[in-house]
Amino acid sequence: MGFVVMFCLSWVTVSVLLILKPTITRTKLASLYFIVLIVNINVNWIVIEELKWIEVTENGLLYTGYLISRSILTPTLILLFVHLVSRNPIIGNTLVLLLLFAGILSLIASLASPLDITTFIKWNVVYHFVFYFCFLKELLCFSYAFYQSQMIGRVRIYDLMGEI
């Protein structure tokens with residue numbers, strides 16, 4: 001059951017991301033996806049394998065559900081968050097989306113426990129929420145700063161070329 005739930009959630013999330021009108025190029029979304037994937041895999045590795053705060057099932061099908069959640073569902077939800085924030089970057093909207101997506105990501109991570117995918121040992125849902133809240137906030141700040149630096153560089157190039 002855990003595999004089916006994670007697969008369906010991933011499928012719906014990827015579909016929604018692909019259906020939305022793109023505000024960010026596919027190349028930027030792909031690079032952001034890989035950055036989020038690397039960070040997510042490393043954090044999960046530290047929490048699960050090194051610190052042993054969460055225990056993952058030994059069942060192959062349930063473990064595949066965990067891998068789908070970690071490698072597809074979480075990064076895709078974060079891309080969806082960045083996409084929605086880039087469509088309407090008002091601070092109030094951004095804060096609401098930040099809280100909403102941190103809650104959704106925490107809910108999905110906590111959903112793995114009743115589905116026997118993971119067992120929390122020295123970890124709980126609040127830690128997931130705090131991690132995702134801080135991670136999404138830092139991702140927003142980093143992407144905004146990167147975007148602003150790219151725009152300033154383009155304006156200077158256009159100024160030097162005399163087009164503006």
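Any value given below was found using the heavy atoms of this structure, including those in side chains, with hydrogens, waters and symmetry copies removed.
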Problem set entry | Leu80 side chain reached by Val16 side chain, heavy atoms, under 4.5 Å | yes
For this session: Consider only side-chain heavy atoms of I, L, V, M, F, W and Y, link residues closer than 4.5 Å, and tell whether Leu20 and Leu73 are in one cluster.
Result: yes
Exercise. Going by heavy atoms in the side chains, are Ile46 and Leu51 under 4.5 Å from each other?
Worked result: yes
Exercise. Ignoring hydrogens and geometry, is there a side-chain-to-backbone donor-acceptor pair from His83 to Lys21 under 3.5 Å?
Worked result: yes
Exercise. Between Ile72 and Leu67, is a side-chain contact (heavy atoms from CB on, under 4.5 Å) present by the stated rule, with each step listed?
Worked result: CA-CA 8 Å; Ile72 298 172; Leu67 290 177; over 6 Å; no
Problem set entry | Any donor-acceptor pair under 3.5 Å from Lys52 side chain to Glu49 backbone | yes
Exercise. Sub-3.5 Å donor-acceptor pair from the side chain of Ser71 to the main-chain atoms of Ile68, do we have one?
Worked result: no
Exercise. Should Val43 and Leu107 be regarded as members of a common hydrophobic cluster, given that ILVMFWY residues are connected when their side-chain heavy atoms come within less than 4.5 Å of each other, either directly or indirectly?
Worked result: no
Problem set entry | Within-4.5 Å side-chain heavy-atom neighbours: Thr118 and Ile48 | no
Exercise. Any idea how His128 and Phe120 line up, ring-wise: parallel (<30°), tilted (30 to 60°), or perpendicular (>60°)?
Worked result: tilted
Exercise. Which heavy atom of Ser110 sits nearest a heavy atom of Pro114, and at what distance?
Worked result: O-CD, 3.0 Å
Exercise. So do the side chains of Ile117 and Met6 get within less than 4.5 Å of each other, counting heavy atoms only?
Worked result: yes
Problem set entry | Approximate separation, where rounding is to 0.5 Å, of Leu32 CG and Thr27 OG1 | 12.5 Å
For this session: For Thr13 and Thr76, test the side chains for any donor-to-acceptor distance below 3.5 angstrom and give the result as yes or no.
Result: no
For this session: Check the hydrophobic clustering (I, L, V, M, F, W, Y; side-chain heavy atoms under 4.5 Å; chains of links allowed) and say if Trp45 and Phe34 are grouped together.
Result: no
Exercise. Can Leu136 and Phe101 be said to form a side-chain contact (heavy atoms from CB on, under 4.5 Å), step by step?
Worked result: CA-CA 9 Å; Leu136 289 173; Phe101 273 86; 4.0 Å; yes
Exercise. Stepwise, does the side-chain contact (heavy atoms from CB on, under 4.5 Å) test hold for Leu18 with Arg26?
Worked result: CA-CA 10 Å; Leu18 293 176; Arg26 302 264 185 216; 3.5 Å; yes
For this session: Kindly state whether the ring of Tyr63 and the ring of Tyr66 have centres lying under 6.0 angstrom apart.
Result: yes
Exercise. Considering only heavy atoms from C-beta outward, does the side chain of Ile108 approach that of Ser69 to under 4.5 Å?
Worked result: yes
For this session: Treating Ile, Leu, Val, Met, Phe, Trp and Tyr as nodes and any side-chain heavy-atom pair under 4.5 angstrom as an edge, say whether Ile38 and Val47 lie in one connected cluster.
Result: no
Problem set entry | Heavy-atom side-chain proximity of Leu84 to Leu97 below 4.5 angstrom | yes
Seminar exercise, completed: Phe135 and Val39 have their tightest heavy-atom pair at CE1-CG1, 3.4 Å
Problem set entry | Approximate separation, where rounding is to 0.5 Å, of Thr94 OG1 and Lys137 NZ | 13.0 Å
Exercise. Between Val96 and Leu77, is there a shared hydrophobic cluster once you connect ILVMFWY residues whose side-chain heavy atoms come closer than 4.5 Å?
Worked result: no
Exercise. Any chance OH of Tyr33 has more than 12 other-residue heavy atoms, nucleotides or ligands included, within less than 6.0 Å?
Worked result: yes
For this session: With Thr74 as reference, evaluate Asn40, Leu37, Val36 under the side-chain contact (heavy atoms from CB on, under 4.5 Å) test and give the passing residue.
Result: Asn40
Exercise. Is there a side-chain contact between Leu99 and Phe133 (heavy atoms, below 4.5 Å)?
Worked result: yes
For this session: Output the distance between atom CG (Asn88) and atom CD1 (Ile90), rounded to the nearest 0.5 Å.
Result: 4.0 Å
For this session: List the steps, then state whether side-chain contact (heavy atoms from CB on, under 4.5 Å) holds for Ile121 with Ile54.
Result: CA-CA 5 Å; Ile121 297 171; Ile54 299 175; over 6 Å; no
Problem set entry | Neighbour count >12 (heavy atoms, 6.0 Å) for atom CD1, Ile91 | no
Problem set entry | CD1 on Ile104 to CG on Leu111, rounded to 0.5 Å | 12.5 Å
For this session: Measure the CG-OG distance between Leu29 and Ser86 for me, rounded to the nearest 0.5 Å.
Result: 8.0 Å
